[in-house]
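Here the structure is a predicted model, which means the values were calculated and not measured. Counting convention: from 1, in listed order, for ligands and their atoms alike.
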Amino acid sequence: MNTLRFIARQFAKTITNISPLGNGLINDTFLVATESSHFVLQRINPNVFPEPKQIMDNLINLNRHLKQKPTVEVKLKIPDLLKTLTNQDFYQDQLGDCWRALSFIENTESLETLTHLSQAQQTGFALGYFHRLVSDLDPSLLHDTLPGFHIAPGYLSHYQEILTQSPKQIECEDIYCADFIAQHDHICNDLEAAKQQGFLALRVIHGDPKLNNFLFNKHTKKIVSIIDLDTVKPGLLHYDIGDCLRSCCHILESNQFDLEICAAILKSYLSETCVFFSAYDYQYLFAAIRLIPFELGVRFYTDYLEGNRYFKVADPKQNLQRASAQFQLCQNIMAQESAIKSLIEQLKTQ
Ligand code: GN1
Ligand code: MG
């Protein structure tokens, strides 16, 4: 804690409290209280993001883009990067780790599960609104902070390589995961093939728009901010849509996909994005909904086989259990394929 205090003091003179914040699986995040306010302190995981400076550059670029917009237009706040007392964008500790500070958006809370359809409607709106705000930001101006992120065929081939070096699967959950991947590996090409054929274009994406990255105002219950912007970079909108839906529609007890929540999210998402959504964008929505849980399952399972190097775990089998949950969710999405597709058809004509 003393080291942490020392690091926090690089950004503000007087620190009154430091406490862990959120439950991200990659970076270490803390809420720091000063005499007058709060800020967020984060250690960027160097094994995942080898070039933290690129993350800061992208955030600065994004904030600059949003600040150019008329203020009435910007309904979502994005955290600001706070400089160190010596005016640097981040602090590098003795181990070489990079620490940065972000403004904390007061009076907000994040949700782990949706309990009302109005929250689903808010989430869809916020993602669509974010996509609309960055739709005129040239993706080539942003760094690729995490090459290979969401490139599903890449995750699959890495998995296949690791599998050949791993002992034979003997446990039930292990066999389930390995069999599920073997039976559905073709899914991995769906979005990348569409990108290569020119059906889906590279745009600026969030990269990680899961439910707990949207901040709801505690009083109005409206979403006022979207956080965790380390993976804002060129990509496919479909990665974001799939990721948002897999986290919001996942019924944790049964690993089923909640179609009602999906309908509310997509409806409000499309009310924001229909202006630039193409026929191909609609056509690949189902593929995105099916792919992202599959992809995340492959990522969790590979990490389990590799000894949990990427995602933080509380016990050695946690990534195996996370993988199995994602594959069950994917299985349920496939079981509801025709209902999901007819929902998309309905939304197209609205
Ligand atoms: C990671 O650290 P966190 O929870 O914000 C991961 C996402 C996964 C998510 C699953 C950079 O995000 O892709 O969807 O875990 N982020 C990165 O919980 O790999
Ligand atoms: Mg994240």
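For Y155 and H150, the gap between ring centers reaches or exceeds 6.0 Å.
The nearest heavy-atom contact from the protein to atom 13 (O) of ligand 1 is R299 NH1, 3.0 Å. The protein heavy atom nearest to atom 16 (N) of ligand 1 is I26 CG1, 3.8 Å.
When hydrophobic clusters are built by joining Ile, Leu, Val, Met, Phe, Trp and Tyr residues whose side-chain heavy atoms come closer than 4.5 Å, directly or via intermediates, V313 is not grouped with F300.
Under 4.0 Å from ligand 1, not a single heavy atom of N27 appears. Within the 4.0 Å heavy-atom criterion, the part of D228 lying near ligand 1 is the side chain and not the backbone. At a heavy-atom distance under 4.0 Å, only side-chain atoms of R246, from C-beta outward, approach ligand 1.
With ligand atoms numbered from 1 in the order given, ligand 1 contributes 3 (P), 4 (O), 5 (O), 9 (C), 12 (O) to contacts under 4.0 Å with heavy atoms of K210. Residue-ligand proximity, L146 to ligand 1, at heavy-atom distances under 4.0 Å covers atoms 11 (C). Which parts of ligand 1 touch Y310 is read off a 4.0 Å heavy-atom cut-off, strictly below it: atoms 11 (C), 17 (C), 19 (O). Ligand-side atoms of ligand 1 in range of F149: 13 (O), 17 (C), 19 (O), range being under 4.0 angstrom from any heavy atom.
Ion pairing of E345 with K341 is absent here, as no side-chain N (NZ or NE/NH1/NH2) approaches a carboxylate O to less than 4.0 Å. Salt bridge annotation for D230-R100: present, with a cationic side-chain nitrogen under 4.0 angstrom from a carboxylate oxygen. Comment: R43 does not engage D93 in a salt bridge, judged by the lack of any side-chain N to carboxylate O separation of less than 4.0 angstrom. Under a 4.0 Å N-O distance rule, the pair R309/D303 does not qualify as a salt bridge.
The option from L25, T145, D208 that lies nearest to atom 12 (O) of ligand 1, judged by heavy atoms, is D208.
Among T302, I26, N47, the single residue meeting the side chain to side chain contact (heavy atoms under 4.5 Å, CB included) criterion with Y310 is I26.
No side-chain N or O of N255 forms a donor-acceptor pair with one of N332 less than 3.5 Å apart. For Q328 and S324, the side-chain atoms include at least one donor-acceptor pair closer than 3.5 Å.
Annotation: ring-ring contact (aromatic ring centres under 6.0 Å, His included) contacts of Y301 (sequence neighbours excluded): Y159.
Around the Mg ion (ligand 2), the protein contributes the following N, O or S atoms at distances under 2.8 Å: D208 OD2, D228 OD2.
Of all heavy-atom pairs between A201 and L236, the closest is O-CD2, 3.4 Å.
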